[in-house]
Amino acid sequence: MSATLTFGAAPGALPLLGHVLSIGTSPLAFMAALPEHGDLVRIRLGPWPAYVVCHPTLVHQVLVNDRVFDKGGPTYDKLREVGGNGLVTCEHRYHRRQRRLVQPAFHRDRLPGYAEMMSAQVDTVTRSWRDGQVLDVVAVMNAFSTGVATRTLFAADVDAAVLAEIQRATTVIFDGVARRLIVPFAWLEKIPTPGNRRFLRARRSLEHHTQQLITDYRRAGVDHGDLMSMLLAARDDDANGLTDEEIHEQVLTFFSAGSETVSAALPWVWHLLAHHPEAEAQLHDEVDSVLGGRTAHYEDLPKLRTTARVLTETLRLYPPVWLLTRRTSAETELAGQRLPSGTVLVFSPYILHHHPGYYPDPERFDPGRWQDEAACPRAERAFTPFGGGARKCIGEEFAKTEATLALASMAARWRLEPLPHAQVRPAPRLALAPRSLRMRLRRR
Ligand code: HEM
């Protein structure tokens with residue numbers, strides 16, 4: 001198969017800097033142009049080579065061989081340094097045990113319980129909405145998804161002030177991680193600037209509060225139907241559970257992996273709907289007939305097919321996890337190229353999702369293209385918003401449930417109108433959210 005796959009090098013590398021400037025200034029455009037140069041394309045990050053995987057077959061090979069193409073590379077190294085060795089960041093040798101222990105928390109049987117908490121969170125967020133009000137859509141969707149993350153993790157009767165502090169501390173930590181990813185010198189992180197001190201205080205606060213919650217939950221020994229109860233109940237074949245430190249790392253993992261991603265996707269949905277009246281009208285037809293103006297619940301999901309397609313098409317155009325990295329743990333070969341152990345690989349669902357070879361007219365927002373999966377025959381391997389192989393997103397169903405309930409419930413009662421002359425551009429940081437998005441609420 002690799003005979004037909006091509007290898008190339010990206011032009012325009014600068015002495016010493018390589019492609020760092022192009023990546024820093026317009027990462028999406030830089031990435032989207034790479035397939036022109038090959039299916040596997042060598043770039044330079046400063047003086048170091050890295051390989052960008054641009055073909056779905058090659059991405060699939062990387063995803064399914066997670067022992068050789070292990071978690072690593074600039075993003076994961078930094079995330080691990082800051083956020084520990086949780087399920088998203090850990091290397092292959094720690095992964096299988098963790099995944100087995102965490103998997104029951106995401107079992108289908110648990111979803112209806114989480115869904116109730118999600119529907120309740122929609123009501124909490126929309127309660128104060130008024131006709132004509134201008135919403136900071138990015139901030140509101142972020143408040144929604146961090147609220148869901150907090151509630152589904154800790155459904156016990158926890159002091160609201162403690163939950164609010166956990167949410168606040170987590171937001172400070174993520175901002176800090178995003179900044180640390182772009183600052184190239186580790187020693188800068190040790191200088192006691194106000195930002196670094198705030199970051200360290202937030203980490204200590206989060207550690208303190210989660211430790212307290214772990215102790216309280218262990219003492220009570222009750223299943224609250226939440227993720228935390230499941231993490232505490234998990235046992236491996238030798239009847240060993242997760243240690244407090246491991247649970248702390250998973251809490252941080254669920255917060256970041258769960259809330260950052262959903263909150264990046266939802267604002268794009270509102271932006272796209274506002275500019276595609278036909279798709280918006282189809283969505284309204286569906287939610288009006290299924291919900292008649294009420295909040296959506298788990299039992300409604302099978303009937304919300306158009307809503308689900310709107311979300312799928314949004315994840316295609318703006319995949320929240322737009323950049324992934326790996327590091328080879330042994331010498332291997334890809335697209336006929338020998339890659340020594342320690343080679344950094346980069347791949348991006350964004351590249352695959354915008355490729356005209358797999359999606360006709362790829363920039364067009366068209367939820368209808370998912371109507372008939374058979375009409376999108378090549379889409380499967382070229383559609384990877386949740387990754388694949390053993391490291392595939394454990395929260396895929398959770399996330400789809402959350403986003404579908406939110407979109408359907410909100411659209412049942414509200415429209416979001418664009419503001420005149422608003423410029424909406426992607427901000428490709430850890431997740432691919434709009435840089436800023438303000439829209440006017442209209443009661444339907
Ligand atoms: C639209 C929402 C989401 C998107 C687009 C998304 C995307 C992804 C992707 C692409 C990966 C694979 C990363 C890699 O291969 O390096 C991943 C892994 C993961 N995601 Fe998600 N995710 C979403 C929501 C969630 C939610 C809601 C949770 C948890 C509550 C979650 C938890 C995780 C975890 C724990 C992993 C690591 C799995 C493992 O390595 O075994 N994600 N996610």
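Here the structure is a predicted model, which is why all the values come from computation and not from measurement. In listed order, ligands and their atoms are each counted from 1. Every heavy atom of this structure was used, including side-chain atoms; hydrogens, water molecules and symmetry mates were not. The residues of the chain are indexed from 1 along the displayed sequence.
Both the sub-6.0 Å distance and the 45° axial angle are satisfied by Arg316 relative to the ring of Tyr359.
At least one donor-acceptor pair under 3.5 Å links the side chain of Arg80 to the backbone N or O of Lys71.
Between Trp370 and Phe383, the ring-plane angle classifies as tilted under the 30° and 60° cut-offs. Taking the six-membered ring where tryptophan is involved, the planes of His355 and Tyr358 are tilted, since the angle between them lies from 30° to 60°. Taking the six-membered ring for Trp and thresholds of 30 and 60 degrees, Trp414 and Trp129 have ring planes more than 60 degrees apart, a perpendicular arrangement.
Considering only non-hydrogen protein atoms, atom 15 (O) of ligand 1 sits nearest to Arg326 NH2, 2.7 Å. Looking only at heavy atoms of the protein, atom 38 (C) of ligand 1 is closest to Arg99 NH1, 3.4 Å. Scanning the protein heavy atoms around atom 10 (C) of ligand 1, the nearest turns out to be Pro385 O, 3.3 Å.
Close contacts between ligand 1 and Leu324 involve ligand atoms 13 (C), 14 (C), 16 (O) [criterion: under 4.0 Å to a heavy atom]. Each of the atoms 13 (C), 14 (C), 16 (O) of ligand 1 lies under 4.0 Å from some heavy atom of Tyr76. Proximity to Phe106 (heavy-atom distance under 4.0 Å) selects the following atoms of ligand 1: 29 (C), 30 (C). Ligand-side atoms of ligand 1 in range of Lys392: 38 (C), range being under 4.0 angstrom from any heavy atom. Of all the atoms in ligand 1, the ones that sit under 4.0 Å from a non-hydrogen atom of His95 are 39 (C), 40 (O), 41 (O).
With a 4.0 Å heavy-atom cut-off, ligand 1 is reached by no atom of Gln98. Contacts of Glu402 with ligand 1, taken as heavy-atom pairs under 4.0 Å, are absent altogether. Looking at Arg391 against ligand 1, both its backbone and its side chain come within 4.0 Å, counting heavy atoms. Contacts between Leu87 and ligand 1, counted as non-hydrogen atom pairs separated by less than 4.0 Å, involve both the backbone and the side chain.
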- Item | salt bridge (Lys or Arg N to Asp or Glu O under 4.0 Å) between Asp236 and Arg100, intermediate numbers included | CA-CA 7 Å; Asp236 62 18; Arg100 257 201 310 276; over 6 Å; no
- So Asp300 and Arg294, salt bridge (Lys or Arg N to Asp or Glu O under 4.0 Å) or not? Walk me through it. CA-CA 11 Å; Asp300 299 314; Arg294 66 169 168 82; 2.9 Å; yes
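The residues Asp366 and Arg309 are annotated as not salt-bridged, no charged nitrogen and carboxylate oxygen being separated by less than 4.0 angstrom.
Residue pairs meeting the ring pair (Phe, Tyr, Trp, His ring centres under 6.0 Å) criterion with at least one partner in residues 227-247, sequence neighbours excluded, do not occur; the list is empty.
Under the ring pair (Phe, Tyr, Trp, His ring centres under 6.0 Å) criterion, Tyr51 pairs with no residue, sequence neighbours left out.
Residue Gln250 places every heavy atom at 4.0 Å or more from ligand 1. Residue Lys400 places no heavy atom under 4.0 Å from ligand 1.
Inspection of the environment of atom 21 (Fe) of ligand 1 yields the following protein N, O or S atoms under 2.8 Å: Cys393 SG.
Residues Ala411 and Trp270 come closest through the heavy atom pair N-CH2, 3.9 Å.
Using modelled atom types, one finds no donor on one side chain facing an acceptor on the other under 3.5 Å when comparing Thr152 with Asp226.
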Review item, side-chain donor-acceptor pairs of residues 401-408, under 3.5 Å, at least two apart:
| residue | atom | partner | partner atom | Å |
| --- | --- | --- | --- | --- |
| Thr401 | OG1 | Glu397 | O | 2.6 |
| Thr404 | OG1 | Lys400 | O | 2.5 |

